[in-house]
Amino acid sequence: MKKTLKPFLEGAAVGCVFVSITMLFEIPMYMSLIIGALAAVGGYHNSIKMDKEKAAKAAGKSTDDSTN
């Protein structure tokens, strides 16, 4: 999967899950959509953060192997 597309897909997935969960509790639709949108933004940022941490960890691990 392309690196630019992955955060958008993960954010959309998180947003859809939150909209589905809030609809179970019979919250009005506009509130569910607001909650879903905020969750999607959070999922997007979390995906980017996790990718950066994964890359930093891989870079640190490769430099540690070369020094030994």
Side-chain angles (χ1 to χ4, degrees):
M1 183 182 317
K2 291 184 179 180
K3 287 189 177 247
T4 57
L5 185 62
K6 183 180 174 190
F8 290 112
L9 290 177
E10 289 184 8
V14 170
C16 290
V17 167
F18 271 80
V19 168
S20 300
I21 290 171
T22 54
M23 292 303 289
L24 289 174
F25 295 109
E26 298 180 2
I27 294 174
M29 185 64 169
Y30 71 92
M31 291 178 71
S32 294
L33 292 175
I34 291 170
I35 291 168
L38 292 173
V41 170
Y44 172 79
H45 286 294
N46 190 39
S47 176
I48 291 173
K49 183 179 95 174
M50 287 176 51
D51 287 344
K52 284 182 182 178
E53 288 176 0
K54 186 177 177 183
K57 188 175 185 181
K61 188 175 186 181
S62 66
T63 57
D64 288 343
D65 291 341
S66 63
T67 57
N68 289 335

- Query: Same hydrophobic cluster for Met31 and Ile21, using side-chain heavy-atom links shorter than 4.5 Å among ILVMFWY?
  - Reply: yes
Contacts satisfying side chain to side chain donor-acceptor pair (under 3.5 Å) that involve residues 23-32 (not counting sequence neighbours) are Thr22-Ser32
Distance-only donor-acceptor hits, side chain of residues 46-54, under 3.5 Å, sequence neighbours excluded:
unit_1 : atom_1 : unit_2 : atom_2 : d
Ser47  : OG     : Glu10  : OE1    : 2.8
Asp51  : OD1    : Lys6   : NZ     : 3.4

Residues at least two apart in sequence or cross-chain that pass side-chain contact (heavy atoms from CB on, under 4.5 Å) with Ala39, listed by chain then number, are Val14, Phe18
Report task. Could you state whether Val17 and Phe25 fall into the same hydrophobic cluster, counting links through intermediate Ile, Leu, Val, Met, Phe, Trp or Tyr residues with side-chain heavy atoms under 4.5 angstrom apart? Result -> yes
Residue pairs passing the side chain to side chain donor-acceptor pair (under 3.5 Å) test with at least one member in residues 11-20, sequence neighbours excluded, are none
Hits for side-chain contact (heavy atoms from CB on, under 4.5 Å) against Leu38, two or more places apart or cross-chain, chain-then-number order -> Ile34
Members sharing Val41's hydrophobic cluster, built from side-chain contacts under 4.5 Å between Ile, Leu, Val, Met, Phe, Trp and Tyr, are none
Residue pairs meeting side chain to side chain donor-acceptor pair (under 3.5 Å), one or both in residues 34-45, sequence neighbours left out, come to none
In terms of heavy-atom contacts, Met23 and Ile27 come closest through SD-O, 4.2 Å
